[in-house]
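Everything quoted here is computed from the prediction, not taken from an experiment. Each chain gets a letter, A, B and so on, in the order the sequences are listed, and its residues count up from 1.
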Protein chains: 2
Amino acid sequence: MERKPPDHITSRVHETVAVVLQVRGSTLQVLLWRRARPPAKGRWALPGGRLDAGETLERSIRRHLAAKVDVRELSHLEQLETHSDPTDGRVTTAYLGLIRSGIDPVVPADTRWHPVANLPATAFDHGAIARAGRERLRAKLSYTNVGFALAPETFTISELRDLYAAALGHEVSATNLQRVLLRRGVLVTTGELRTPGRAGGRPAAVYRFGSDRLEITDQFAALRPPETA
Amino acid sequence: MERKPPDHITSRVHETVAVVLQVRGSTLQVLLWRRARPPAKGRWALPGGRLDAGETLERSIRRHLAAKVDVRELSHLEQLETHSDPTDGRVTTAYLGLIRSGIDPVVPADTRWHPVANLPATAFDHGAIARAGRERLRAKLSYTNVGFALAPETFTISELRDLYAAALGHEVSATNLQRVLLRRGVLVTTGELRTPGRAGGRPAAVYRFGSDRLEITDQFAALRPPETA
DNA sequence: TCAAAAGTGTTCGCGGTACACCCATGA
DNA sequence: TCATGGGTGTACCGCGAACACTTTTGA
């Protein structure tokens, strides 16, 4: 098949990268850093790096992320796909990381937030990986409580609607969002009210997510066991 | 943290394994082989092995599987999770493979089918990986056309019901299964009829899946864009 | 009193389930 | 003609979408 490099054992490099997403302004953005050296010099890449010996994948990505953001600000982290590139012998395990809206983490000079919908020229296949991360988030917003990882501790329904709209990329009705999330028991009322802005309007109720760990809230309806079981 | 082995670069071993599932009889079974040598001698393991240099992950798992079954009989293959074990420096990328019901592939002497619901003592965390594979299959049976990868080329609705029941682990109504899959356009009538057995009964219509590539047939209903877009 | 923003009530429709009923065949 | 298995007709129901309408505030 392919010719083997002289040392067939050391040729493999395993690395971890993360698609770190946050809603900033009204757009879903991803954290990228600009490569100063070859390969792919000048292009934008996902944060990450080599897997060390005696290190788990998750520890590895957390360690590499620490160089770019304060990892304590990560509200959620889950694994995406693992890709292999046979030409350069690189294996990459991608993660999806989420940061709550509202915080503005300190990042190094080479690092920037970019709208996922409008990525610059990326190194390797990092553009595709970032888009895959967004798709994963989109899907999970529908049937899990991941919203907790995008939203601040407390919020009003319309603030939450704006977050969902940014993450999903389409308009979201505050009315239905509220009803769905309350019916599923995902949202909890805090009892507080937000006093309206200068423009007036009825004071908004303040909510929070009931849990800050991923839970499946809407099991697939299809082909489930009969109720008379 | 952990002490590093002298040569910190070569310590990583990347391997691929596969959860190969098939409905046999009326049970969902997984292909395992018995390890004849340490580590985990005598325990049952998923087929797989080392990732070679210059090889993609998918090529690797296909190559290793070829030693256990005729890979041409694999009707579907997709990636599951990648696990790392820091104690022995092993990274494992798991795949899910499916074989249509009805064929009985030739397998080596050390290899056996085992019901996923009742696994023997497995090597490493292969038991958990096998169960994760079954969960993935279960979920996808609900919202995709993966059924094609479990069923023979053509079949009657009640044969298909038995397959789904075995894979899902609960009773399935032939009536509703037929309606759901026809409504989604997943099943196609061949026009043929199956002549009834000795017990009589109306002849059953013969169906096949319209596609033998994975397709999402039932997008999540929740939080989709407004129709007036 | 008016505009703005939040929240509720009500209707609709889709898709999946449940179940009664009809159809075609072998013995 | 009866048992057996296959298939259809119909009613129901949960859930999300749409939208009109009410509530509460600031100016």
Quick one: Arg194(A) CZ to dG7(C) C1', roughly how many Å, whole number? 16 Å

When the ring planes of Phe209(B) and Phe155(B) are compared, do they come out parallel, tilted or perpendicular, using 30° and 60° as the limits? tilted

Between His114(A) and Trp44(A), is the ring centre distance below 6.0 Å? yes

Rounded to whole angstrom units, what separation is found between the CG atom of Leu177(A) and the C1' atom of dC19(D)? 17 Å

Separation of Glu159(A) atom CD from dG7(C) atom P, in whole Å? 10 Å

Assess whether salt bridge (Lys or Arg N to Asp or Glu O under 4.0 Å) is satisfied between Asp125(B) and Arg131(B), documenting all intermediate values. CA-CA 10 Å; Asp125(B) 54 351; Arg131(B) 280 183 290 269; over 6 Å; no

Closest to the side chain of Pro203(A), out of dT24(D), dG26(D), dG6(D), is dT24(D)

How many Å lie between CZ on Arg161(B) and C1' on dT17(C), as a whole number? 16 Å

Think Arg198(B) has a side-chain N or O under 4.0 angstrom from the OP1 or OP2 of dT4(D)? no

For the residue pair Thr144(B) / Thr217(B), report whether a side-chain donor-acceptor contact shorter than 3.5 Å exists. no

Of all residues at least two apart in sequence or in a different chain, which pass the salt bridge (charged side-chain N to carboxylate O under 4.0 Å, His left out) check with Arg136(A)? Glu78(A)

Winner on side-chain proximity to Val180(B), out of dT17(C), dT25(D), dG7(C), is dT17(C)

Which sits closer to the 5' end of DNA chain C, Ile157(A) or Ala199(A), going by the nucleotide each is nearest to? Ala199(A)

I need the CD-C1' distance between Gln178(A) and dA18(D), as an integer number of Å. 15 Å

Is there a donor on the side chain of Arg179(A) or the base of dG9(C) sitting less than 3.5 Å from an acceptor on the other? yes

Nucleotide dG13(C), atom C1' - distance to CZ of Arg183(B) in whole Å: 12 Å

Of the nucleotides dG7(D), dG7(C), dG16(C), which has the atom closest to the Arg202(A) side chain? dG7(C)

For atom CD of Glu171(B) and atom P of dC19(C), their distance in whole Å: 14 Å

Would you mind telling me which of dG7(D), dA17(D), dG7(C) lies closest to the side-chain atoms of Asn176(A)? dA17(D)

Describe the nucleic acid contact of Ala205(A) in one word from base, sugar-phosphate, nothing, applying a heavy-atom distance below 4.0 Å. sugar-phosphate

Answer yes or no: does a side-chain N or O of Thr175(B) lie under 4.0 Å from OP1 or OP2 of dG7(D)? no

For Tyr164(B) and dG16(C), what is the distance between atoms OH and P respectively, to the nearest whole Å? 12 Å

